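Structure first, then comments.
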Number of protein chains: 2
Amino acid sequence: MPETTKKHATIKDIAKKLGVSTSTVSRALSDSWEIKKETRDLVLKAAAELNYHPNPMAIGLVTKKSHTIGLCVPELVHSFFPKIITGMQRALSEAGYTILITTSDESYETERKNLLLLKQNLVDGILISTTSESHRNAALYDEILGSGTPIVFFNRVCSKINAPKVIIDDTKMAHMAVEHLIRQGYGKIVHMAGPRDLDLTKLRMEGFLSAMKEFGRTVDESSVIDTGMFIDDGAREMEKLIRSGAKPDAIFAFNDPVAIGAMKTAKKFGLEIPRDIAFVGFSESKSALIVEPALTSVAQPLSQMGEVAAKCILDKINGRAETYPATVVLEAALNVRESSVRIR
Amino acid sequence: MPETTKKHATIKDIAKKLGVSTSTVSRALSDSWEIKKETRDLVLKAAAELNYHPNPMAIGLVTKKSHTIGLCVPELVHSFFPKIITGMQRALSEAGYTILITTSDESYETERKNLLLLKQNLVDGILISTTSESHRNAALYDEILGSGTPIVFFNRVCSKINAPKVIIDDTKMAHMAVEHLIRQGYGKIVHMAGPRDLDLTKLRMEGFLSAMKEFGRTVDESSVIDTGMFIDDGAREMEKLIRSGAKPDAIFAFNDPVAIGAMKTAKKFGLEIPRDIAFVGFSESKSALIVEPALTSVAQPLSQMGEVAAKCILDKINGRAETYPATVVLEAALNVRESSVRIR
DNA sequence: AACGTTCCCGGGAACGTTTCCGTTGATTTA
DNA sequence: TAAATCAACGGAAACGTTCCCGGGAACGTT
């Protein structure tokens, strides 16, 4: 009978084969200083021969580290977060960490469940982009933080929590976008703002307002209209706008979907873009290039954002948190395209 | 001094508090039959009071199950797989399983690394949609299967491996799409095929060919052209086609991006869609609705596919594999839109 | 009345690893 | 040369569970 295929070779098997103790093997594998070079090589060779792979659960049980970090994002289907995740995975897998992904579906209750799940699964740290109602879970964030699990916020942050945050300067970029519209000579500019309770909404609106103010534009209650964050929301609000006879000359939308939805309606009503009305989105998506005319938008360094957030959480976990400031602000870019360029 | 906040309450803490043995507590928590109802309630109450949560690592160490299933997809940024993942998460989290996501970036080497990583992390099962060169890892699939870890393929499968697969009938749907074009009265129909080494490419091409044959259309080497799977690929091939003076009347593309890229080029050259040329895509994406005119495409039940694949792997893990056939074929739908409807 | 059952429960090994503590022989120091 | 340091290793506890084995009541069964 051939050597029965034992499920997995353990440290003991190596020890037995070499006639040494498990401690020695462990030390050799972890490259401890208190090990002779020759025995270490011997162990390494035997480990390779036996096709040894350490059991992460056993390690986790004694070290109380899972080498897993939990991720909580609102959704996955818009390719926004997936791009961020790509960056995270690069940084984390390099460091030997693995990601546990959960989606909150824009519901703070699901987010709460997910966070508790992550805690129970003993993740070493949590990366989170909150739902629009982040304040509702603020207490939970604090509780988790208090229990010793580090948290890093990215993109959508909870401002009142004292934890590292990785973001772009939304206000500045919004300002820049609106300034672009103004310089292009568009008259009445309307801001389609996002969900009320999202921090991002406030920040981008601030940018809108500051740009309007800087250039002496008047702002009244009709300058900003509440919208959601999806295509349908933009389409609906645009229709209302047009039907009310208050067609603006330009729209600065909370994000690309809203802008695209609004564009769709505008075209349906026979408006020509950008002659009759201009559009600027935010958080550039692939759709910005597919839609016609191509949509001007603020491009975020998504993959980099993921990478930075990941490195940040690793530093937190490994106690090198001092090297990071509380908030990292990344550089974004305004990509100007046909949807907002005045034809001369 | 107040009760020092011990990191986590364990089963021993409960046992000590109640003056029973750990075995009893364990039995109570796992709802064993050999436990008195009253003591079980006592344990449950104490557990709640102590805010007890079982340590998954300790459990995994002894039961040799991680309650984690590994996922390996080619990419995440096209919202195709994220939609599938959403379905998976629903089914898996419901069953108390957690999901470990890896992306292979269309590289079979990365896929190989990921699979090995998953194995080392002792996942209970693996869900995979392969890279275009799946045959290169066929031996690895078999090895993993042989080592006792079940695998379920979905969407992109490796045909030579004997494992459950969850797919749609690509050939049938391709046939249907092409039939639609023919019935609309389009003359010269060209198929922009996907990557040569992808199973899906062959299947969809078969559907194209069978439909052409069924309706007595002639097929020569100019009827099928190799493309990649991205927007640029479609754009490039379309340009070649037009410049060569061989403008077809309709294009059946391997997928939506290729169709959209081709559409873009067609419009650039002044062709009107669908009058001068019609387009049909595959694997409906959001972009199909954003592009103008809206793109006819085959919609796959993505979330359902994820759910079915997840349930399948759970059945495999729990030894109820007999309830499933080797291959599950889901129903897809051809969504006809303006891009392929002949104007009368 | 002796004997099997059934019902509950405790003791303790086992899972695979890290790590503390101790030991030994060799080397250096006073 | 005795004492102290050091390099390299073994022994064993610990991490938090599950689960097998065994045992003592309480309950029927012949």
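Just so you know, these numbers come straight off a predicted model, no measurement behind them. First the proteins, then the strands, lettered A, B, ... as listed; each starts at 1.
- B:T22 pairs in a side-chain contact (heavy atoms from CB on, under 4.5 Å) with only one of the listed residues (B:K16, B:R27, B:K12), which is B:K12.
- Side chain of A:S303 to backbone of A:K83: no donor-acceptor contact under 3.5 angstrom is found.
- Looking at heavy-atom distances under 4.0 Å, A:T39 makes contact with sugar-phosphate atoms alone, never a base.
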- Task: Tell me, with the steps shown, if B:V77 and A:T86 meet side-chain contact (heavy atoms from CB on, under 4.5 Å).
- Result: CA-CA 9 Å; B:V77 302; A:T86 303; 4.3 Å; yes
- Query: Should A:Y141 and A:I128 be marked as a side-chain contact (heavy atoms from CB on, under 4.5 Å) after you check the CA-CA gap, both sets of side-chain angles, and the distance that decides it?
  - Reply: CA-CA 10 Å; A:Y141 304 147; A:I128 183 172; 3.9 Å; yes
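- Distance CG (A:L18) to C1' (D:dG10): 14 Å, rounded to an integer number of Å.
- Counting to the nearest Å, the P atom of D:dC6 and the NZ atom of A:K36 are 19 Å from each other.
- One atom, NZ of B:K37, and another, C1' of C:dT6, lie 20 Å apart when rounded to the nearest Å.
- Atom pair B:I35:CD1 and D:dC19:C1' shows a separation of 14 Å (rounding to whole Å applied).
- Dashed line: the shortest gap from a side-chain N or O of A:T10 to OP1 or OP2 of C:dG16 is not under 4.0 Å.
- Here the side chain of A:K12 is nearest to one of C:dC15, D:dG11, D:dT17, namely C:dC15.
- Between C:dT18 and A:S26, a contact under 4.0 Å exists linking OP1 or OP2 to a side-chain N or O.
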- Message: Quick one, B:T103 with A:I85, criterion side-chain contact (heavy atoms from CB on, under 4.5 Å). Give me CA distance, side-chain angles, the key distance, then yes/no.
- Response: CA-CA 10 Å; B:T103 57; A:I85 294 176; over 6 Å; no
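- Counting distance only, with no hydrogens placed and no angle test, the side-chain atoms of A:T22 and the base atoms of C:dG16 include no donor-acceptor pair under 3.5 Å.
- Side-chain polar atoms of B:D105 and B:T110 form no donor-acceptor pair below 3.5 angstrom.
- Protein atom CD1 of A:I14 is 8 Å distant from nucleotide atom P of C:dT17, rounded to whole Å.
- The aromatic rings of B:F154 and B:F81 sit perpendicular, their planes meeting at an angle over 60°, well past the 30° parallel limit.
- One end of the helix from C:dA1-D:dT30 to C:dA30-D:dT1 points its axis 50° away from the other end's axis, with each axis taken from 5 pairs and the angle rounded to 10°.
- Side-chain proximity of B:R27 to C:dC21, C:dT18, D:dC21: nearest is D:dC21.
- Going from atom CD of A:E34 over to atom C1' of C:dG25 covers 16 Å, rounded to whole Å.
- Heavy-atom distances under 4.0 Å link DNA chain D to A:L61, A:V62, A:K64 of residues 45-66 of chain A, given in residue order.
- When the nucleotides C:dG12, C:dG10, D:dG11 are ranked by their closest atom to the side chain of B:T24, C:dG10 comes out on top.
- In this entry the distance linking CG of B:D31 with C1' of C:dC8 reads 15 Å, nearest Å.
- Listed for the A:D142 side chain is no donor-acceptor partner under 3.5 Å among the backbone atoms of A:A139.
- Taking atom CG of residue A:L29 and atom C1' of nucleotide C:dT18, one finds them 12 Å apart after rounding to whole Å.
- Between B:E94 and B:K311 there is no salt bridge, since none of the side-chain N atoms of the basic residue sits less than 4.0 Å from a carboxylate O of the acidic one.
- One side chain, A:S21 or A:T24, offers a donor N or O that lies under 3.5 Å from an acceptor on the other.
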